[in-house]
J.: 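Let me begin by handing over the structure; questions about it come next.
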Amino acid sequence: MHVQSTLISLLALANLGAAKCPVDDVSIIANTGDSVGREEVHDGVNLYITGNVSDTAVLYLTDVYGINLTENRLLADSFGRAGWLTVAPDLFNGTPSPVDMNEPGFNLTSFLAEHGPETTDPLIDVAVKYLKDTVGVTTVVATGYCFGGRYAFRYVAEGKGAAAGFAAHPSLLADDEITAIGGPMAMAAAENDTMMPPERRHNITALLGDTAQPYNVALYSGTSHGFGVRANVSDPQQKFGKESAFFQAVRWFENWA
Ligand SMILES: *[C@@H]1O[C@H](CO)[C@@H](O)[C@H](O)[C@H]1NC(C)=O
Ligand SMILES: *[C@@H]1O[C@H](CO)[C@@H](O)[C@H](O)[C@H]1NC(C)=O
Ligand SMILES: *[C@@H]1O[C@H](CO)[C@@H](O)[C@H](O)[C@H]1NC(C)=O
Ligand SMILES: *[C@@H]1O[C@H](CO)[C@@H](O)[C@H](O)[C@H]1NC(C)=O
Ligand SMILES: *[C@@H]1O[C@H](CO)[C@@H](O)[C@H](O)[C@H]1NC(C)=O
Ligand SMILES: *[C@@H]1O[C@H](CO)[C@@H](O)[C@H](O)[C@H]1NC(C)=O
């Protein structure tokens with residue numbers, strides 16, 4: 001009898017120990033499987049749209065692989081499950097880059113000639129206009145990855161449309177794009193990132209500190225450029241980094257949008 005009740009108490013304790021704190025529940029994140037959103041063309045721009053209509057919407061700005069990459073769709077879907085209508089414009093008009101910006105075969109000169117801010121901003125403007133005018137959301141927040149990370153910063157500038165932003169391993173981000181932010185900005189950085197080596201990361205952090213806006217910079221060990229979207233989730237550190245970067249963005253938007 002005594003042994004049995006002790007056993008029951010131990011089992012109860014074990015169950016308590018196994019209960020997950022909500023912040024550790026990663027079930028809304030999909031890393032594999034089929035995406036659940038749809039594509040619609042508005043003002044000539046293909047938009048990947050996912051999640052239900054909400055007062056605050058997420059503008060999802062992709063890496064160079066664009067909205068056709070399954071991981072980009074799945075991550076946009078995860079923001080949808082977090083409670084936000086999420087829209088990702090096709091930043092490359094159907095022809096994304098076959099390789100990442102940090103790979104040796106990537107011709108930055110020709111890519112930038114075709115995809116600089118003068119070409120990219122108008123595409124993003126269509127997504128912002130769709131959210132604000134067509135859907136009628138009150139607030140837009142921006143999340144961006146690699147190529148798109150720079151634009152998450154750009155869209156938090158006064159008058160560009162986003163109230164708060166998050167960027168994972170942004171590339172080609174200029175100092176004046178950081179100092180121009182007009183709202184809270186968070187960033188996730190990879191340990192191994194030739195596009196943002198430690199000195200650059202420190203400078204970005206210092207520039208954020210000069211803005212007088214709320215900011216947050218998190219560095220994830222064992223990660224490489226691209227991990228926010230394309231982490232190898234079989235690797236425990238990369239999986240933790242990708243999921244934590246997602247929740248970093250979610251908490252940021254919940255607090256500051
Ligand atoms: C959207 O709303 C429907 C109906 O309430 C619900 O079943 C579904 O889970 C919601 N989708 C998301 C991504 O929240
Ligand atoms: C998008 O992906 C689908 C399925 O993988 C493929 O058939 C299609 O050609 C891709 N489109 C673009 C624009 O890359
Ligand atoms: C990169 O593209 C530019 C412009 O298209 C071209 O002039 C240059 O030769 C290319 N560089 C390489 C290494 O292919
Ligand atoms: C760092 O990133 C590069 C390029 O993505 C990759 O080739 C290399 O294996 C990575 N190194 C480590 C230690 O993760
Ligand atoms: C970092 O900032 C210092 C001081 O402004 C500057 O001299 C240096 O070139 C910057 N380095 C990078 C990688 O941004
Ligand atoms: C992903 O990570 C696992 C575990 O570390 C490793 O065995 C596998 O080779 C990795 N896959 C790739 C494509 O790097």
Side-chain angles (χ1 to χ4, degrees), residues 22 25-40 47-60 62-65 67 69-88 96-108 111 130-131 135-137 139-141 143 145-149 167-172 188-201 218-247 249-251 253-254 257:
D25 181 356
V26 297
S27 60
I28 64 166
I29 303 175
N31 290 311
T32 55
D34 295 328
S35 55
V36 298
R38 64 185 193 276
E39 284 181 32
E40 272 179 33
L47 306 178
Y48 179 74
I49 303 171
T50 185
N52 290 326
V53 171
S54 50
D55 286 344
T56 294
V58 174
L59 172 67
Y60 183 107
T62 68
D63 55 22
V64 290
Y65 295 102
I67 59 169
L69 184 79
T70 302
E71 284 103 325
N72 275 321
R73 290 172 179 247
L74 292 174
L75 189 56
D77 291 346
S78 298
F79 281 102
R81 280 184 293 272
W84 295 298
L85 175 66
T86 300
V87 170
S97 169
V99 295
D100 205 355
M101 293 175 96
N102 64 331
E103 285 174 38
F106 191 90
N107 188 334
L108 196 59
F111 185 81
Y130 165 76
L131 285 169
V135 182
V137 308
T139 306
V140 171
V141 294
T143 188
Y145 303 86
C146 315
F147 175 83
H169 35 75
S171 45
L172 310 177
E191 184 174 48
N192 171 23
D193 188 350
T194 52
M195 314 240 17
M196 197 205 296
E199 184 189 325
R200 184 63 192 148
R201 185 175 77 238
L219 172 65
Y220 295 98
S221 72
T223 60
S224 292
H225 182 79
F227 80 96
V229 179
R230 295 178 300 107
N232 173 358
V233 292
S234 303
D235 178 305
Q237 287 200 87
Q238 290 191 43
K239 181 171 188 288
F240 179 86
K242 180 180 178 180
E243 292 170 348
S244 300
F246 171 74
F247 285 126
V250 168
R251 288 214 68 216
F253 297 152
E254 282 181 348

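Numbering of ligands and ligand atoms starts at 1, following listing order.
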J.: Out of all atoms in ligand 4, which are within 4.0 Å of some heavy atom of Asn102? Include the element for each.
T.: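 In order of number, 4 (C), 5 (O).
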J.: Any side-chain heavy atom of Leu172 sitting closer than 4.5 Å to one from Met195?
T.: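 In short, these two side chains touch, coming nearer than 4.5 Å.
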J.: Can you name the salt bridge (Lys or Arg N to Asp or Glu O under 4.0 Å) partners of Glu254, sequence neighbours left out?
T.: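 So Glu254 forms no salt bridge (Lys or Arg N to Asp or Glu O under 4.0 Å) with any residue.
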J.: Write none if no such pair exists; otherwise list each N/O atom of ligand 6 with its protein N/O partner under 3.5 Å and the distance.
T.:
residue, atom, partner, partner atom, Å
ligand 6, 2 (O), Asn232, OD1, 3.4
ligand 6, 2 (O), Asn232, ND2, 2.3
ligand 6, 11 (N), Asn232, ND2, 2.8

J.: Do Tyr48 and Tyr60 have their ring centres less than 6.0 Å from each other?
T.: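 Here the rings of Tyr60 and Tyr48 have centres that are no less than 6.0 Å from each other.
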J.: So, are Arg201 and Glu199 salt-bridged, with charged N and O less than 4.0 Å apart?
T.: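 Between Glu199 and Arg201 there is no salt bridge, as every charged N stays at least 4.0 Å from the carboxylate O atoms.
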J.: Could you list which atoms of ligand 1 come closer than 4.0 Å to a heavy atom of Asn52?
T.: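 By the 4.0 Å cutoff, the relevant atoms are 1 (C), 2 (O), 3 (C), 8 (C), 10 (C), 11 (N), 12 (C), 14 (O).
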J.: Taking salt bridge (Lys or Arg N to Asp or Glu O under 4.0 Å) as the test, write out the residues that go with Asp100, two or more places apart.
T.: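 Salt bridge (Lys or Arg N to Asp or Glu O under 4.0 Å) list for Asp100, sorted by chain: Arg230.
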J.: Hey, are the side chains of Thr143 and Leu59 touching, using non-hydrogen atoms and a 4.5 Å cut-off?
T.: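 Heavy-atom side-chain distance check fails, nothing below 4.5 Å.
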J.: Return all side-chain donor-acceptor pairs below 3.5 angstrom for residues 28-35, not counting sequence neighbours, or 'none' if the list is empty.
T.:
residue, atom, partner, partner atom, Å
Asn31, OD1, Lys242, NZ, 2.8

